Amino acid sequence: QVQLVESGGGLVQAGGSLRLSCTASGRAFSSYAMAWFRQAPGKEREFVAAISLSGGSTTYADSVKGRFTISRDNAKNTVYLQMNSLKPEDTAAYYCAARRFVSAYVRDYDAWGRGTQVTVSS
């Protein structure tokens, strides 16, 4: 099983940027598709972005398309989420997740990090 640790969250003003990182240990990172999800207080966890094993294919939620970019560096066992033009509604705990194939569904993932908090002030 792969272990995942997120970092890079924080407090930022609306319109600002943050870059989240998720570093994996354990089984071969390059054998996993990776995804970012987020969960705001009182809401269900929702899909943000996903990337294929090689990084050649990405997919995004409509709410973040054009503002967020997911990428990965298999040599560093790390997946990133570059978040630009942040909005207060982006405030949430952000989680990375891993599985063999790309999916946008929470139920498909069984390897999760503990999350990193992103707060966007207006």
Side-chain angles (χ1 to χ4, degrees):
Q1 185 76 318
V2 65
Q3 289 79 45
L4 305 172
V5 178
E6 303 94 339
S7 62
L11 174 64
V12 63
Q13 288 188 333
S17 297
L18 281 175
R19 189 177 80 155
L20 305 183
S21 300
C22 172
T23 301
S25 59
R27 298 187 65 181
F29 177 72
S30 59
S31 65
Y32 289 93
M34 300 297 297
W36 287 96
F37 290 80
R38 66 186 181 185
Q39 188 167 16
K43 294 188 176 181
E44 293 187 352
R45 192 167 296 190
E46 65 175 7
F47 172 75
V48 175
I51 189 166
S52 61
L53 277 67
S54 67
S57 177
T58 58
T59 186
Y60 297 92
D62 288 344
S63 59
V64 306
K65 205 170 291 183
R67 299 188 298 122
F68 291 11
T69 302
I70 189 171
S71 62
R72 66 189 296 161
D73 185 338
N74 285 347
K76 295 184 178 179
N77 287 359
T78 301
V79 61
Y80 304 98
L81 185 69
Q82 178 67 44
M83 306 185 295
N84 299 329
S85 302
L86 282 161
K87 304 175 181 180
E89 51 264 43
D90 295 317
T91 295
Y94 283 71
Y95 300 87
C96 67
R99 73 185 299 266
R100 279 298 306 269
F101 303 104
V102 169
S103 171
Y105 297 99
V106 172
R107 63 178 181 265
D108 288 340
Y109 290 83
D110 54 10
W112 292 88
R114 300 183 73 172
T116 185
Q117 179 66 35
V118 172
T119 302
V120 184
S121 63
S122 57

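No experiment lies behind these values; they were computed from the predicted model shown.
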Practice prompt. Could you tell me whether the side chains of D73 and T78 share a donor-acceptor contact shorter than 3.5 Å?
Written response: no

Worksheet item: Regarding S103 and D108, is there a side-chain donor-to-acceptor distance under 3.5 Å anywhere?
Response: yes

First locate atom [atom1] of [X], then atom [atom2] of [Y], and finally report the distance between them rounded to the nearest 0.5 Å.
X	Y	atom1	atom2	value
Y32	S52	OH	OG	16.0 Å
Y95	L20	OH	CG	12.5 Å
I51	S57	CD1	OG	8.5 Å

For [X] and [Y], indicate whether the former's side chain and the latter's backbone hold a donor-acceptor pair under 3.5 Å.
X	Y	result
S31	F29	no
T91	T119	no
R38	E46	no
R72	N74	no
E6	G115	yes

Can you tell if the side chain of [X] reaches within under 4.5 Å of the side chain of [Y], non-hydrogen atoms only?
X	Y	answer
F68	N84	no
W36	C22	yes
S17	Q82	yes
Y94	L81	yes
V106	W112	yes
L53	F101	no
T59	V102	yes

Give me the atom names and distance for the closest heavy-atom approach of [X] to [Y].
X	Y	result
V118	G9	CG2-CA, 4.2 Å
I70	M34	CD1-O, 4.1 Å
S122	A14	CA-CB, 4.4 Å

Discussion item. Would R67 and Y60 count as a cation-pi pair here, with the cationic atom under 6.0 angstrom from the ring centre and within 45° of the axis?
Written reply: no

Worksheet item: Near Q13 CD, under 6.0 Å, is it more than 12 heavy atoms from other residues, nucleotides or ligands?
Response: no

Worksheet item: Hey, is NZ on K43 packed in by over 12 heavy atoms from elsewhere, all under 6.0 Å?
Response: no

Worksheet item: Is D90 salt-bridged to K87, cutoff N-O under 4.0 Å?
Response: no

Practice prompt. Look at the aromatic rings of F37 and Y109 and report parallel, tilted or perpendicular, splitting at 30° and 60°.
Written response: perpendicular

